[in-house]
Amino acid sequence: MRRTSAALAVTVTGALLFSACSGTSGEGETDGDDAGINTESAVTVAWEAPLNELNLSSANGNATQNAVINYMLNSGFSYYDADLNLVQDESFGTYEKVSDDPLTIKYTFGDDTKWSDGVPVDATELLLDWAGQSGKFNTVEAETDPETGEVINQDEVDAGVYFDGSDPGIALISQNPEISEDNKSITVVYDKPFGDWELNWTNEFVPAHVVGQHALEIEDPEEAKAAVRDAILNNDTAALSKISKFWNEGFQFTSLPEDPSLYVSNGAYVLEDYKENQYLTLKANPDFTGERKGSVDTITVRYIDDPMAQVQALENGEVDLIGPQASADVRTALEALDGVETHSGIEGTYEHVDLVFQNKGPFDPATYGGDAEKAKAVRQAFLLTIPRQTIVDNLIKPLNPDAEVRNSNILLPGSPNYDQMVAENGSDFYPVEGDIEKAKQLLADAGVATPIKVRFAYNNENTRRVNELALITDTASQAGFEIVDTGRPAAEWGTLLATGQDQYDASLFGWQSTSTAVTESDANFRWAPNPGVNNYGQYNNPAVDAALDQLQVSTDPEEQFQLQLEVEKNLWADGFGVTIFQFPAIQGWDENLKGVESITISPTIFHGFWNWTFEG
C-alpha cells in the first residue's frame, strides 16, 4: 500500500503551461525494429505530483507518483489485467513454486531481458532488492528529527549498513538465495508459508550494475554487478555500507540527471526528458522485446496539481488524458467538453481519520496516568463526532450518487466478504451519522473534563480536506472537543505525518491500494517486531500483531478472512480511527485516443498504456 500524493513531501504548485507534444493521429512508420509503435504518435497525460525517485522499494520511492512512471519504464514478473487478475509476464521471466514445505520459489529471467544500456537483467537485481527490503543486513537504524524528518545520526548510518526498504513478506526470507551459475535464475526459501508470495518482485528492480558502478567505483558493468552480488552473499559490511547508501538515495531526482545510468530502464519506454515540476517525456524503447510494447512513440506526463487546470488543459488540447481529483465542479466541467470521453467510478484509495496513541496527547494513556480505558473512551468519543455520512452526502455523492460510507479498514466496498466484515467487525459502534450524545456520555463516564484540544493534521492545500475539517470541527465542538488546525501545505505535509507525531493528535489522509495482497494492510497496523511504515499513529496491539503474523503464513481464504476480521475487531474496539469514503474517480480523454482502460489501484489511468492508439 502506497501513500497517495496527498501524503507526499514533494508536490507541484499551480498550473503549468508550456508547448508540449499533444496527441497526434499520424500514420507513422511501423515496420522493422519499431513494429507495433506508431512513430509519429504522442500521448500527453496530466498528473498531479512529480516523480522523485526510481527505486520503488526505498522509503522515499514507495509512493504512487513514482510507481505510475516506473510502470511504463520497467517490466516485471507479473502485472494486473483490467479485472485485477494477476498475469505472469513470461516475456520478462518466469517463476515457479518448487516446494510448499518450506515455501521455495524459483525465478528465472528471460534471455532477452535487458536494461536499456544493454546490460542483462538477472538474478543480482532480485538479490539486491531482497537485501534492500529484508532488513537482514542492517547494522544501524536511522534516527530522525521529529520536526524536520531529517536524519540526525547520519555519520553512524553512513558508517554502518542501512537499507531503508521494508517488506514483511521479503523479511521472511532469512537464508541467502541460491543463484544459478549463469546468473539467470535465483531461488528463495521462506522461513514459513507466505500467502502473498506471488506479489513479491513485480517491477521494482533497480539496475545492480549501476549501484555497483557508483557505490563501489567499478567501471565495468559486469564486474560492478558481480561485486554487488558478492558483497551481499558474503555479508561484506564495508561494501554493503556503500551499496545501501546509494540504494537508498542514488535514484532520487526531480529533473533529468546528467548521468544517464541513473535512469536506465528495462521496459517499454525510456526516460528522454524531465523538466522539474513541469513535465516528463518517455520515448518508446526500440530494443524492448517484451509483450507489453509501447504502442505510441512518446508519452509526456505534464504535472498539473489543480484538477480544474487539468480539465482546462484537456479542453485546450494540451493534454489527451486526465484523472484529476474528482469534485462536483470538475465533473460538471469535464462532462461539458466536446470531443471528450469520460468515465466515473471509484479509486483504490480511501479516506480515513487516524489517532495518535503515543504522543502524550488526548488519546495517549500516558496523559491519564497510564489509564488505558480512559484514553480509549476519549478516542471513541472523538471518533463518534466524525460526521461521516454528512461528509459523503455533501462532498462525495455529487460525484458518485451511489457513494456510501466505508466501514472496513481492510476490504474494499463491493469486494468479497465486505458485507460480512462490516456486519461483524464492530464498526457499528460508530454510527455513520455520528452520535454526539453517546460521545458526551463516554466522556462523562470516564471523568474527563472538556474542552479537549485535538491537534488535527492534514494537507491544507487540498480543498476537499479543508471542507472535511470544517464539518468535523463543527460536530466535534458539540461534544466538547476543540479542534486545533495543524494542517500544512502539501510540500510539508508528508514529513509532518511521518515524523511529527508530537505535533498532531489526529490526521486525515488517504491510503491507496497497490495490489490485491491480503497482507497489504500489514504496514498500516503493525507495531512489533518493527512498526509498519504506515503506522503513523504509533498504534500498538499485540493481538493485532499476532493476527498479522498468522495472516502472513495463511493460504486458506476463509482463514485469511477470519484473521482480517480479528484485526478489524481490535481496530474498531481500540478507537484506532474511522474510515470515511472510497475516493470517487473521474477520467477524461480525447475521444480519438483509444485503448484507455483505467483500474482502481495504482497505476490507475496509466494501466494498459500498450493499447493506446489514436484514431480519426
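Positions are given from 1 along the sequence.
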Review point. Are side-chain heavy atoms of Phe77 and Leu86 found at a separation under 4.5 Å?
Key: no
Exercise for review: State, to 0.1 Å, how close Val340 and Leu334 come at their nearest heavy-atom pair, and which atoms those are.
Suggested key: CG1-CD1, 4.3 Å
**Study point:** Within the 6.0 Å centroid threshold, strictly below: Tyr71 and Tyr79
**Key:** no
Review point. Does a side-chain heavy-atom distance below 4.5 Å link Ile452 with Phe382?
Key: no
Exercise for review: Go through Met308 and Asp329 one step at a time and tell me if the side chain to side chain contact (heavy atoms under 4.5 Å, CB included) criterion holds.
Suggested key: CA-CA 8 Å; Met308 288 300 291; Asp329 289 343; 4.2 Å; yes
**Study point:** Flag side-chain contact, heavy atom, 4.5 Å: Asn535 against Arg526
**Key:** no
**Study point:** More than 12 heavy atoms of other groups within 6.0 Å of Gln389 CD
**Key:** yes
Practice item. Measure the spacing between CG of Leu399 and CZ of Phe581 and express it to the nearest 0.5 Å. Key: 9.0 Å
Exercise for review: Just do the side chain to side chain contact (heavy atoms under 4.5 Å, CB included) check on Phe509 and Thr349 with the steps written out, would you?
Suggested key: CA-CA 10 Å; Phe509 65 104; Thr349 303; over 6 Å; no
Exercise for review: Name all residues meeting the ring pair (Phe, Tyr, Trp, His ring centres under 6.0 Å) criterion together with Trp612; count only those two or more places apart in sequence or in a different chain, and write none if there are none.
Suggested key: none
Point to revise | Side-chain donor-acceptor pair present, Asn425, Ser427, cut-off under 3.5 Å | key: yes
Check your understanding: Taking the side chain from Asp164 and the backbone from Ala59, do they hold a donor-acceptor pair closer than 3.5 Å?
Key -> yes
Check your understanding: CD of Glu424 to CD of Gln562: how many Å apart, nearest 0.5 Å?
Key -> 7.0 Å
Check your understanding: So do Tyr539 and Leu571 actually touch side chain to side chain, heavy atoms under 4.5 Å?
Key -> yes
Exercise for review: State, with a plain yes or no, whether a side-chain heavy atom of Val596 is found less than 4.5 Å away from one of Ile605.
Suggested key: no
Revision key, fill the gap. When Leu383, Val578, Asp364, Asp574 are each screened for side-chain contact (heavy atoms from CB on, under 4.5 Å) with Leu355, the one that passes is Leu383
Practice item. Could you tell me whether the side chain of Thr475 and the main chain of Ile472 form a donor-acceptor pair under 3.5 Å? Key: yes
Point to revise | Intermediate values then yes/no, side chain to side chain contact (heavy atoms under 4.5 Å, CB included), Tyr430 and Gln380 | key: CA-CA 8 Å; Tyr430 307 93; Gln380 291 175 329; 3.3 Å; yes
Check your understanding: Quick one: do Lys569 and Glu566 make a salt bridge, cutoff under 4.0 Å?
Key -> no
**Study point:** Trace of the side chain to side chain contact (heavy atoms under 4.5 Å, CB included) decision for Trp197 with Thr555
**Key:** CA-CA 10 Å; Trp197 67 266; Thr555 57; over 6 Å; no
Review point. With a 3.5 Å cut-off and no angle check, do the side chains of Thr342 and Glu335 form a donor-acceptor pair?
Key: no
Review point. According to the interplanar angle, ranging from 0 to 90°, do the rings of Tyr350 and His352 count as parallel (below 30°), tilted (30 to 60°) or perpendicular (above 60°)?
Key: tilted
Revision key, fill the gap. To the nearest 0.5 Å, atom CD of Gln552 lies from atom CG of Leu172 at 5.0 Å
**Study point:** Arg465 to Tyr458, cation-pi by 6.0 Å centre distance and 45° axis angle
**Key:** no
Review point. Between Ile599 and Leu84, is any pair of side-chain heavy atoms under 4.5 Å apart?
Key: yes
Point to revise | Inter-residue atom distance Asp371.CG - Lys376.NZ, 0.5 Å rounding | key: 11.0 Å
Check your understanding: If you measure only the distance, is there a donor-acceptor pair under 3.5 Å linking the side chains of Asn74 and Asn70?
Key -> yes
Study note, to complete from the structure: Output for pair (Asp306 CG, Glu48 CD), nearest 0.5 Å, gives 11.0 Å
Review point. Does the side chain of Glu53 pick up a donor-acceptor pair with the side chain of Ser58 at under 3.5 Å?
Key: yes
Exercise for review: May I ask you to check whether Phe429 and Trp572 place their ring centres under 6.0 Å from each other?
Suggested key: no
Exercise for review: Check whether NZ of the Lys or CZ of the Arg Arg488 lies under 6.0 Å from the centre of the six-membered ring of Tyr504 and within 45 degrees of that ring's axis.
Suggested key: no
Check your understanding: Side-chain donor-acceptor pair under 3.5 Å between Asp485 and Asn460, yes or no?
Key -> no
Check your understanding: For Pro307, does its backbone N or O pair with a side-chain atom of Gln325 as donor and acceptor, under 3.5 Å?
Key -> no
Review point. Is it true that the side chains of Glu568 and Ser408 contain a donor and an acceptor less than 3.5 Å apart?
Key: yes
Study note, to complete from the structure: Here the gap from Ser602 atom OG to Glu347 atom CD, rounded to the nearest 0.5 Å, amounts to 10.5 Å
**Study point:** Leu548 side chain near Thr519 side chain, heavy-atom distance below 4.5 Å
**Key:** no
Review point. Considering the options Asp505, Thr367, Asp502, which one meets the side chain to side chain donor-acceptor pair (under 3.5 Å) requirement together with Asn359?
Key: Asp505
Practice item. Count the heavy atoms of every other residue, nucleotide or ligand shown that sit under 6.0 Å from NZ of Lys453, and state whether that count exceeds 12. Key: no
Review point. Under 4.5 Å between any side-chain heavy atoms of Pro531 and Tyr536, yes or no?
Key: no
